[in-house]
Protein chains: 2
Amino acid sequence: MARVGLSTERLVRAGAELADEIGFELVTASELARRFDVKVASLYSHVKNSQDLKTRISLFALEELADRAADAIAGRAGKDALVAFANVYRDYGRDHPGRAAAARMRLDPETAAASAGVRHAQMTRAILRGYDLTEPDATHAVRLLGSVFHGYASLESAGGFSHSAPDSEETWTRILDALDALLRNWPTEPTP
Amino acid sequence: MARVGLSTERLVRAGAELADEIGFELVTASELARRFDVKVASLYSHVKNSQDLKTRISLFALEELADRAADAIAGRAGKDALVAFANVYRDYGRDHPGRAAAARMRLDPETAAASAGVRHAQMTRAILRGYDLTEPDATHAVRLLGSVFHGYASLESAGGFSHSAPDSEETWTRILDALDALLRNWPTEPTP
DNA sequence: TGCATTCACCTAAAGCGTTTAGGCAAACAG
DNA sequence: CTGTTTGCCTAAACGCTTTAGGTGAATGCA
């Protein structure tokens, strides 16, 4: 019995690549086993179950994304940081659609709380230091930015903007301009 | 053999309710058959396959949502219309999480083009008539609003804002204030 | 080196969701 | 009341998931 050298680590990495190839929702223990030329049951020594595998891929993607974002915003501030940060999300979604979908996967609260998701929120908050926002507006803004990045990536990956003018690239740039303007001019009082 | 009176229509409606109860991703032909106390194979006279069922539920949700949105914005303009429109999405996500998830389901391009999704885009554009946006900025803004509504509903349904202050309700209100301010003051030139 | 232990991968089997093919009986049309 | 349509059925094949238990390869210790 030739040992292939499976490990949780290798399964997760391969799962992430598989997700980029065929789509995250199609990643399955069976398919992964096939890739390793191994029987399905063998995976179950390394991951608890199919759900566990997907969760691990999601956590992996969140880490990878957070690492890239951290790199991107290092030494930048203000709009510069905002754009660099936002582009990490967008590029990740384009280069690694499967992993990006994995990163958007719904995690149960405890798992989410222990994930790199909190780093994402912290970095978003750090970017807002370049703008004059006090609590609770900073939190509102963090949530707005999260919604936009999440939502845009999701719609774009669903092909929402693909066959219409102007192209998605331009819209993305202009949305970042708009968000920058909004953050510099955040409405303190509800404007009736 | 007691005839239950299945039809595509009834299956889709029941599927939508089922989605709200157990989550859209758990809606399955088998489960639906169980609800109707009918054998699974019987469903296949009414829907092509499992994917077809889910697509139909998604289209149903998109229609329902578009109808509600149309009601909400009738006779309103400006921020009033924006808020009413946005709240339809938010309320739908809270009252019908399964259908809302269905509405966010990825459809293939032709199906999407023939869906109520286009009505959503048209209504969004109609709301922007209350603001002074010319093309291509109007399109950018439509995409931004779509991203925010989509993203916020998605994050909220994943529990993203549930156990932290300030509460989601307040953030939502403030985000709408911010979007209104942004639309009234959309940056024409990139601000470096 | 030889033996014991560990561990990676296997086979077998059960459970469940999907899907197709073909059959029977209820509803309906004339 | 007879013939047709059609709604729901049984049967069966297939794929994914998961568990239980076995075998042989790697590893460690005397």
Side-chain angles (χ1 to χ4, degrees), chain A residues 1-61 98-99 101-102 105-108 111, chain B residues 1-61 98-99 101-102 105-108 111:
Chain A
M1 322 221 149
R3 295 198 175 192
V4 187
L6 296 185
S7 69
T8 305
E9 174 82 14
R10 285 194 65 198
L11 287 179
V12 171
R13 290 197 113 81
E17 283 160 27
L18 186 55
D20 287 336
E21 283 177 43
I22 65 175
F24 182 58
E25 60 289 344
L26 296 182
V27 172
T28 183
S30 298
E31 185 58 34
L32 201 50
R34 240 171 264 129
R35 298 283 170 131
F36 278 102
D37 203 35
V38 137
K39 297 297 172 183
V40 204
S42 307
L43 303 196
Y44 284 77
S45 317
H46 304 281
V47 293
K48 237 179 64 218
N49 51 41
S50 187
Q51 188 57 36
D52 181 44
L53 171 66
K54 285 187 181 164
T55 300
R56 284 176 190 275
I57 295 173
S58 177
L59 294 174
F60 171 78
R99 301 179 199 200
M105 178 185 133
R106 175 186 201 126
L107 298 174
D108 58 292
T111 309
Chain B
M1 322 223 146
R3 297 199 175 190
V4 186
L6 295 185
S7 70
T8 305
E9 173 83 15
R10 285 193 64 198
L11 287 179
V12 171
R13 291 196 112 83
E17 284 160 24
L18 186 54
D20 287 336
E21 284 177 42
I22 65 174
F24 182 58
E25 62 287 346
L26 296 182
V27 171
T28 183
S30 298
E31 184 59 33
L32 202 50
R34 242 171 262 130
R35 299 283 169 131
F36 278 101
D37 203 34
V38 138
K39 298 296 171 182
V40 202
S42 307
L43 303 195
Y44 283 76
S45 317
H46 304 281
V47 292
K48 236 179 66 218
N49 52 39
S50 186
Q51 187 57 36
D52 180 43
L53 171 64
K54 285 186 182 165
T55 300
R56 284 176 191 274
I57 294 174
S58 176
L59 294 174
F60 171 77
R99 300 180 199 200
M105 179 184 133
R106 176 185 200 126
L107 299 173
D108 57 293
T111 309

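Chain identifiers are assigned alphabetically (A, B, ...) following the order of the sequence lines, protein sequences preceding nucleic acid strands; residue numbering begins at 1 within each chain.
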Distance check, rounded to the nearest 0.5 Å: [X] atom [atom1] versus [Y] atom [atom2]?
X: B/Leu18; Y: B/Arg35; atom1: CG; atom2: CZ; result: 5.0 Å
X: B/Arg56; Y: B/Lys48; atom1: CZ; atom2: NZ; result: 8.5 Å
X: A/Asn49; Y: A/Leu43; atom1: CG; atom2: CG; result: 11.5 Å
X: A/Ile22; Y: A/Thr28; atom1: CD1; atom2: OG1; result: 8.0 Å
X: B/Glu25; Y: B/Lys54; atom1: CD; atom2: NZ; result: 8.5 Å
X: B/Arg10; Y: B/Leu32; atom1: CZ; atom2: CG; result: 10.5 Å

- Query: A/Arg10 CZ to C/dA8 C1': how many Å, rounded?
  - Reply: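 Rounded to whole Å, this separation is 13 Å.
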- Measure the distance from CG on A/Leu6 to P on C/dC9 and round it to the nearest whole Å.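 Whole-Å distance recorded here is 4 Å.
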- Query: Step by step, would you call B/Leu53 with B/His46 a side chain to side chain contact (heavy atoms under 4.5 Å, CB included)?
  - Reply: CA-CA 9 Å; B/Leu53 171 64; B/His46 304 281; over 6 Å; no
- Query: Which of residues 31-56 of chain B sit near DNA chain C, with a heavy atom under 4.0 Å from it?
  - Reply: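 Of all residues in residues 31-56 of chain B, the ones placing a heavy atom under 4.0 Å from DNA chain C are B/Arg34, B/Val40, B/Ala41, B/Tyr44, B/Asn49, B/Ser50.
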- Message: Using a 4.0 Å cut-off on heavy atoms, which residues in residues 12-21 of chain A reach DNA chain C? List them by number, or say none.
- Response: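 None, since no heavy atom is under 4.0 Å.
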- Task: Inspect the contact between A/Glu9 and A/Arg13 and indicate whether a charged nitrogen and a carboxylate oxygen are less than 4.0 angstrom apart.
- Result: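 Judged by the 4.0 Å cut-off on N to carboxylate O distance, A/Arg13 and A/Glu9 do form a salt bridge.
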- Item | OP1 or OP2 of C/dC16 under 4.0 Å from side-chain N/O of B/Thr28 |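 Answer is no, no contact under 4.0 Å.
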Between the protein and nucleotides 13-15 of chain C, which nitrogen or oxygen pairs are less than 3.5 angstrom apart?
none

- With the side chain counted from C-beta on, respond yes when A/Leu59 and A/Val12 share a heavy-atom pair under 4.5 Å apart, and no when they do not. no
- Message: Atom CG of residue position B/Asp108 - does it have more than 12 heavy atoms of other residues, nucleotides or ligands inside 6.0 Å?
- Response: yes
